[in-house]
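Down below is the structure, laid out as structure tokens.
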Amino acid sequence: MAGGGAARHAGAGGALRGARRRRGALGPGGRYGRARAGGRRPVRRPALGPQQVHRGQEGSLMKPKLESLSKEERLARMRHSAAHVMAEAVVSMFPDAKLGIGPPIDTGFYYDFDLPRPLSTEDMPVIEEKMRQRIASDVPFVQEEISKDEARKLFAGQAYKLELIEEIPDKEVTLYRHGDFVDLCQGPHVERTGQVAAFRLLNVAGAYWRGHERNPMLQRIYGALFDTAEELEAHLHQLEEAQRRDHRRLGRELDLFSFHEEFGPGLVYWHPKGGRVRTIIEDFWRQEHYRHGYDVVYSPHIGKATLWSTSGHLDFYTESMYSPMDVDGQDYYLKPMNCPFHIQIYKSGLRSYRDLPIRMAELGTVYRYERSGVLHGLLRVRGFTQDDAHIFCRPDQVKEEIASCVRFMTFFLNAFGFKDFHVYLSTRDASAKYAGSLEDWDMATGVLREVIDESGLPYDVDEGGAVFYGPKIDVKLLDTLGREWQCTTVQFDFNMPERFDVKYIGEDGRERQPYMVHRALLGSLERFLGVLIEHYAGAFPLWLAPVQALVIPIADRHNEYARSVAAQLAEAGLRVEVDERSERMQAKVRGAQLQKVPYMLIVGDKEAGAGTASVRLRTGEDLGPMPLANVVSRMREEVAEKR
RNA sequence: GCCGAAGUGGCGCAAUGGUAGCGCAAGCGAUUUGUAAUCGCUAGGUUGGGGGUUCGAAUCCCCCCUUCGGCUCCA
């Protein structure tokens with residue numbers, strides 16, 4: 001994020017409207033919260049209208065058979081039905097329970113409840129058991145349609161359901177009934193409870209009713225559900241495996257970084273090894289930016305209040321800013337963004353149309369207040385370094401500049417081996433909170449859309465997801481649990497040029513306002529490194545590995561030769577260490593494996609005599625003894641190719 | 001910020017009202033070893049912080065801090 005005002009102007013929750021929104025605002029499955037967490041994403045599937053699900057006596061005769069459906073659709077139905085069965089179980093335990101919604105999600109389902117007491121993990125087996133009984137009883141799911149009036153009577157006392165009923169545009173609403181349990185629901189479901197497959201209740205979490213912070217907080221129970229017990233087990237196993245590649249754990253084990261909560265949560269301390277990786281990325285970043293026509297700048301970390309009032313941050317972004325510090329009786333603020341500074345650099349001279357585009361990049365460290373509950377390792381911190389840039393350009397240059405940002409982004413993500421990322425086009429909605437003219441917005445949104453279309457990257461439209469000052473393209477990378485984290489962002493800004501009166505002299509000699517584009521490609525180095533660590537499970541490719549080779553002398557008498565081997569590699573620009581501990585070679589190999597060092601160079605009598613090293617790779621592959629020159633050339637080649 | 005769970009040596013864990021232990025890591029010593037853990041010894045904790053109950057608190061109660069999983073918000 002490079003622009004301002006997101007906090008207040010991102011719209012009501014910024015939920016994914018548009019592409020991911022399903023029709024209607026019905027109960028379970030009708031409307032979803034945000035598409036966000038891993039396995040917590042609403043399933044995407046075509047809405048199945050009532051016309052496709054005919055009513056039958058048993059609610060089954062005319063429905064498509066479960067087996068004939070796609071796996072995706074079948075799972076969605078089972079998950080949705082499991083949510084109903086779970087709701088029934090919870091209601092049987094708490095007759096006064098008020099029901100929220102209970103949709104299927106990527107890996108299972110959830111249901112939200114308003115209950116008289118907090119649920120605990122001890123409740124899970126009880127609920128599960130009730131569910132299994134209901135599944136064993138194998139009763140049919142029956143769809144019904146009733147008038148809204150009838151529905152209001154049926155759901156009297158169910159405040160949340162009543163709210164949903166009022167929002168349904170049709171005269172009739174659909175219900176799904178199994179056994180004595182009935183829910184306001186558009187469906188579709190499986191035919192019988194017995195068709196609900198392998199599931200496990202996972203956890204309870206708080207969730208605001210309809211995702212709004214001002215609404216009551218309900219208790220949400222998450223469950224996982226798959227076709228078979230094996231697939232369920234595999235999924236649960238995968239969740240455990242994910243812990244092994246959690247960047248917070250790897251950060252400690254690989255000695256990359258630490259946090260010191262007692263001295264400030266959300267503030268990263270980079271250790272030498274993590275610092276090494278970061279430096280490599282920064283060097284690469286700088287080199288590529290120069291190559292791509294950017295200038296690299298540095299700006300201060302604090303600025304006077306007048307800067308932030310002019311920029312609008314004090315009006316629109318104060319909630320994310322830290323309290324001012326007093327400097328000679330003046331208020332100074334720690335910067336939450338770099339843009340106002342870059343604008344000053346732009347404005348330090350008269351700019352001609354010939355000077356544009358001006359591309360100003362900075363690894364700019366910013367500080368933002370993040371609410372305590374949202375901090376998350378490196379992925380959400382309070383101080384971070386954006387790989388920020390601001391592009392000032394003429395109207396005729398806009399499209400190419402945006403296109404080159406997208407190409408540059410793709411180049412970086414490829415360089416780091418990312419295949420799995422989600423692109424979003426965030427547009428404005430009907431509200432009137434936006435800066436800039438509608439024409440500007442239409443133009444900018446059109447350009448962004450054209451550029452992504454032409455890039456061939458699949459994307460979703462996040463209607464209303466734009467910040468108040470302009471539309472944007474965002475790219476989100478996935479962590480090990482499949483949670484999305486916004487990294488790349490390319491944003492138009494129709495606010496700041498106006499506020500700071502940014503100009504250039506046009507061909508006609510008159511002052512004109514340039515277009516301003518904020519962009520961060522990696523996003524922030526902290527977040528990017530966090531995602532990257534999980535992406536590689538800590539086993540960085542050679543060019544990024546903090547220690548590229550570990551020389552392992554077999555006995556103390558080989559230490560001297562080991563040091564000379566290390567010196568030769570270091571001379572060739574490789575990062576190498578020697579394990580001189582009085583340990584057995586096996587222990588040293590194990591240590592290197594655990595540290596995920598790519599190359600292990602084992603040296604004993606044979607190697608010292610022949611001027612070689614026996615090479616073991618992190619993969620376990622034994623390359624046998626190699627002349628040092630060959631080791632060096634092999635490694636240098638691997639580094640050059642960023643493999 | 002909200003809901004729930006949790007905080008015990010650097011890390012992973014045990015001790016559920018009665019003297020805080022174990023493994024790994026660390027330090028020291030021995031060993032000099034051929035592709036994922038050599039052996040021994042030593043040191044290390046006012047149990048996240050503060051208050052309370054009790055003869056006695058890691059354990060029970062209250063407040064705060066932090067972490068984890070969600071929600072909301074965002075790079």
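So you know, we letter chains A, B, ... as the sequences are listed, proteins then strands, and number each from 1.
Of the C1' atoms belonging to B:C64 and B:C24, the separation is 33 Å, rounded to the nearest Å. Atom name P, nucleotides B:A57 and B:G49: the rounded distance is 15 Å, in whole Å. Across the C1' atoms, B:C22 and B:C62 are found 33 Å apart, a figure rounded to whole Å. Nucleotides B:A6 and B:C74 have their P atoms positioned 31 Å apart, rounded to a whole Å. To the nearest whole angstrom, the two P atoms, one in B:G45 and one in B:C39, are 26 Å apart. B:U47 and B:A30 have their C1' atoms separated by 36 Å, given to the nearest Å. Remark: the separation of the C1' atoms in B:A37 and B:G23 is 13 Å, to the nearest Å. Nucleotides B:G12 and B:G69 are separated by 14 Å at their P atoms, to the nearest Å.
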| message | Return a single string for nucleotides 28-41 of chain B, one symbol per nucleotide in 5' to 3' order, where B is base contact, S is sugar-phosphate-only contact and - is none, cutoff 4.0 angstrom on heavy atoms. | response | --BBBBBBBBB---
| task | Determine, for nucleotides 2-7 of chain B in 5'-to-3' order, which nucleotides have protein heavy atoms under 4.0 Å from the base (write B), from only the sugar-phosphate (write S), or from neither (write -). | result | BBS---
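Each of A:Glu526 and A:Gly266 was assigned the nucleotide of RNA chain B with the nearest heavy atom; the assignment lying further toward the 5' end belongs to A:Gly266.
Counting to the nearest Å, the P atom of B:G10 and the NE2 atom of A:His271 are 14 Å from each other. As rounded to whole Å, 13 Å separates atom C1' of B:G12 from atom CZ of A:Arg244. When rounded to the nearest whole Å, the span between CG of A:Asn203 and P of B:G69 equals 11 Å. Between the CZ atom of A:Arg248 and the C1' atom of B:C11 there is a distance of 16 Å, given to the nearest Å. Spacing between atom CG of A:Leu375 and atom P of B:C65 amounts to 13 Å, rounded to whole angstrom units. For A:Arg380 and B:C71, the CZ to C1' distance is 12 Å, given to the nearest whole Å. Separating the CD atom of A:Glu262 from the C1' atom of B:U67 is a distance of 12 Å, rounded to the nearest angstrom. Summarising the geometry, the separation between CZ on A:Arg483 and C1' on B:C71 is reported as 13 Å, rounded to the nearest angstrom.
Ion pairing between A:Lys335 and A:Glu362 holds under the 4.0 Å rule for side-chain N and carboxylate O. Between A:Asp112 and A:Arg220, at least one side-chain N (NZ, or NE/NH1/NH2) sits under 4.0 Å from a carboxylate O, which counts as a salt bridge.
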| request: Evaluate the side chain to side chain donor-acceptor pair (under 3.5 Å) criterion for residues A:Ser524 and A:Thr385: first the C-alpha distance (whole Å), next the side-chain angles of each, then the deciding distance (0.1 Å), finally the verdict. | output: CA-CA 5 Å; A:Ser524 80; A:Thr385 302; over 6 Å; no
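Residue A:Glu370 is in base contact, counting any heavy-atom pair closer than 4.0 Å across all strands shown. Within 4.0 Å (heavy atoms only), A:Val366 reaches no atom of the nucleic acid at all.
For the OP1/OP2 pair of B:U66 and a distance below 4.0 Å, the side-chain nitrogens and oxygens of A:His260 include no atom meeting the criterion.
Inspection of the A:His558 and A:Asp605 side chains reveals an N or O donor paired with an N or O acceptor under 3.5 Å. For the residue pair A:Arg527 and A:Gln486, no side-chain donor N or O sits within less than 3.5 Å of a side-chain acceptor on the partner. Of the N and O atoms on the side chains of A:Arg634 and A:Tyr599, at least one donor lies less than 3.5 Å from an acceptor on the other residue.
Proximity of a side-chain donor or acceptor of A:Glu534 to a complementary backbone N or O of A:Asp479 within less than 3.5 Å is not detected. Here the side chain of A:Arg79 pairs a donor or acceptor atom with the backbone of A:Leu225 at under 3.5 angstrom.
Using a 30° and 60° split on the angle between ring planes, A:Trp270 and A:Phe257 fall in the perpendicular class, above 60°. Between A:Phe408 and A:Tyr294, the ring planes are tilted. Angles from 30° to 60° get that label. The aromatic rings of A:His342 and A:His390 sit perpendicular, their planes meeting at an angle over 60°, well past the 30° parallel limit.
Here the CG-CG distance, from A:Asn203 to A:Leu119, works out to 11.5 Å after rounding to the nearest 0.5 Å. Taking CD1 from A:Ile554 and CD1 from A:Ile552, the interatomic distance works out to 9.0 Å, rounded to the nearest 0.5 Å.
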| Which dot-bracket string fits RNA chain B when only Watson-Crick or G-U wobble pairs with both atom distances under 3.5 Å count, crossing pairs get [ ], and | stands for a partner on a different strand? | (((((((..((((....[..)))).(((((.......))))).....(((((..]....))))))))))))....
